[in-house]
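What you see is a predicted model; the values in this text were computed from it and never measured.
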Amino acid sequence: MTRNVAIVGGGTSDWGDRDASWKDLAQEGGKATFDAVPDIGPEDIEGLFVGAVQPERFANQTHVAPMVAELLGIDVTEMIARTELACASGQAALRYAWLAIAAGQLDTALVLGVEKMNLGREHMPEVQSSMANVLDREFDGVNGLAAPPFFAWYAQRHMHEYGTTREQLSKVAAKNKTNASRTDFAQFQSTVEEDEITESPEIAPPLHLYDCSGITDGATGVIVMSEEKAREVTDTPAWITGSGQSSMAGNSINNLPSFDGWPQAREASQNAYEQAGIEDPLSEIDVAEVHDCFSISEIIEYEELGFCERGEGGQFIEDGRSHLDGDVAVNPRGGLLGCGHPLGATGVSQALEITQQFQGTVSSDRQVEDATTGLIHNLSGSASVHSVMTLGRDPQ
């Protein structure tokens, strides 16, 4: 049994360096979600899927899905789970909810992504050490391979192979931070000029401070429903039209297939496009939320998601083709560089942004005109896993 599935709405906590516990964030995100979909309450939820990467280390708490159910007053009657897939944990939770509803196992699910990462300056070494756990700690971690140097390698190689410039990296970060200044929950609320990005402290050459996404606390939720139920709640749902995932070689960097691109992202997106009936992503996708954990990431993703040819990502941003009024609006909410990156919440927030773009409920100065087809993308670990989901105003 395969059924159409839709996101009907959702809500979010404020994101940033929050004086709030993991439980506080879960409650804020859950309440905001139910407030945004007034016809749905905790009593309507049959399935609960919680995206959370490292509550064991950040909050000293495991078994968090039943705890979220308790905090939000939900008696789960059909299915409950916590998903962990590093930075793609939120999209993984959404994917499992979609599959469960499509298979007829339930009709209404809450997907909630939560991460508490800021523990105070005295705990920053512990936070950074925990972040390194998403790589192969035994082999890569002992060599100091955290996220910034890892993505710096990709930037160096992309520059070497294709002539990508430092200025093009700054254009990505400037675009996304400008978009985030129009997003009320974002961690970073002010615009940053391109020269400020280039002149910010160097972290891992060629990446500077403003090329890197933040350490963020936050929670975001969405309500996912079968077609029959969704049509009772809203006239403007976001239909999930396709989904793809690809993992190649493994998690250790010595097994990765490339250092100037991500064939996994290309494979995952092609699988999603085939399900959604998308033949030309550049002309058919209006708005995309992609995983810009570092500015080089978005440039490579332009290429692997099919918006331009391999090696042309730098020129794509330089020509303004990923701006709000470009060929495809990429990261209108500000992406990870602007909104921040509370690991488990990011993918859910991306899906909520596409939904609200379709519904016309985002701020008018970042509204993508007449958007009908959207995409969300996450990478995770050593960029060894890529997850892509397509959404549309019309079900397939």
Side-chain angles (χ1 to χ4, degrees), residues 1-13 22-52 55 61-84 89-115 218-240 243 342 344-356 359 361 376 389 391 395:
M1 180 180 183
T2 302
R3 304 187 295 176
N4 290 326
V5 180
I7 301 169
V8 299
T12 187
S13 73
W22 198 99
K23 289 182 177 181
D24 293 335
L25 294 168
Q27 288 182 306
E28 287 181 28
K31 182 179 186 303
T33 299
F34 288 123
D35 287 348
V37 189
D39 292 331
I40 300 297
E43 68 278 4
D44 299 303
I45 301 301
E46 301 166 327
L48 173 64
F49 300 85
V50 178
Q61 179 69 58
T62 191
H63 205 230
V64 293
M67 187 174 72
V68 168
E70 179 183 50
L71 291 170
L72 300 182
I74 300 170
D75 291 324
V76 180
T77 59
E78 297 292 340
M79 197 173 297
I80 186 168
R82 170 244 180 136
T83 63
E84 189 284 303
S89 296
Q91 186 177 156
L94 179 58
R95 193 174 203 243
Y96 298 157
W98 165 61
L99 291 170
I101 295 172
Q105 294 295 303
L106 58 149
D107 286 303
T108 303
L110 169 63
V111 177
L112 186 71
V114 188
E115 212 72 52
T220 300
V222 292
I223 302 294
V224 188
M225 307 183 82
S226 64
E227 180 172 11
E228 180 183 3
K229 292 291 186 179
R231 293 192 183 279
E232 296 174 0
V233 173
T234 180
D235 294 328
T236 56
W239 301 97
I240 298 174
S243 178
T346 288
V348 185
S349 178
Q350 291 174 320
L352 178 58
E353 173 68 17
I354 302 297
T355 302
Q356 292 177 333
Q359 295 173 338
T361 57
I376 65 173
M389 181 173 284
L391 301 103

* Minimum-distance pair of heavy atoms, taken over all atoms of Ala26 and Val68 -> CB-CG2, 4.3 Å
* Asked: Does Val76 reach the side chain of Glu46, with side-chain heavy atoms less than 4.5 Å apart?
  -> no
* **Stepwise side-chain contact (heavy atoms from CB on, under 4.5 Å) check, Leu71 with Lys23** => CA-CA 8 Å; Leu71 291 170; Lys23 289 182 177 181; 3.9 Å; yes
* Verify the neighbour count for atom CD of Glu70: are there more than 12 heavy atoms of other residues, nucleotides or ligands below 6.0 Å? => no
* Asked: Can you name the residues that form a salt bridge (Lys or Arg N to Asp or Glu O under 4.0 Å) with Glu227, not counting sequence neighbours?
  -> Arg231
* Asked: Which atom names give the shortest non-hydrogen contact between Pro237 and Asp235, and what distance separates them?
  -> CD-C, 3.3 Å
* **Partners passing side-chain hydrogen bond (donor to acceptor under 3.5 Å, both in side chains) against Arg95 (at least two apart in sequence or in another chain)** => Ser243, Gln245
* Flag side-chain contact, heavy atom, 4.5 Å: Ile40 against Ile45 -> yes
* Do Ser13 side-chain atoms and Ala219 backbone N/O form a donor-acceptor pair below 3.5 Å? -> yes
* Does the pair Asn4 and Trp239 meet the rule for a side-chain contact (heavy atoms from CB on, under 4.5 Å), with working shown? -> CA-CA 7 Å; Asn4 290 326; Trp239 301 97; 4.0 Å; yes
* Asked: What closest approach, in Å, do Leu352 and Gly11 show between heavy atoms, and which atom pair accounts for it?
  -> CD2-N, 3.8 Å
* For Glu28, salt bridge (Lys or Arg N to Asp or Glu O under 4.0 Å) partners two or more places apart -> Arg18
* **Working for side-chain contact (heavy atoms from CB on, under 4.5 Å), residues Val50 and Thr83** => CA-CA 6 Å; Val50 178; Thr83 63; over 6 Å; no
* Which residues share a side-chain hydrogen bond (donor to acceptor under 3.5 Å, both in side chains) with Ser349, sequence neighbours left out -> Arg333
* Among residues two or more places apart or on two chains, list those pairs meeting side chain to side chain donor-acceptor pair (under 3.5 Å) that have a residue in residues 32-43. => Lys31-Asp35
* **Side-chain donor/acceptor of Arg82 to backbone N/O of Ala52, under 3.5 Å** => yes
* To do: Please lay out, stage by stage, how Trp98 and Ile7 fare under the test side-chain contact (heavy atoms from CB on, under 4.5 Å).
  => CA-CA 9 Å; Trp98 165 61; Ile7 301 169; over 6 Å; no
* Asked: Between Ile80 and Ala69, which heavy-atom pair has the shortest distance, and what is it?
  -> CD1-CB, 4.2 Å
Side-chain atoms of residues 105-114: list all donor-acceptor pairs with protein atoms under 3.5 Å, sequence neighbours left out, distances to 0.1 Å.
from: Asp107; atom 1: OD1; to: Arg3; atom 2: NH1; distance (Å): 2.9
from: Asp107; atom 1: OD1; to: Arg3; atom 2: NH2; distance (Å): 3.2
from: Asp107; atom 1: OD1; to: Ser226; atom 2: OG; distance (Å): 3.0

* Which pair of non-hydrogen atoms, one from Glu115 and one from Leu25, has the smallest distance, and what is that distance? -> O-CD1, 3.5 Å
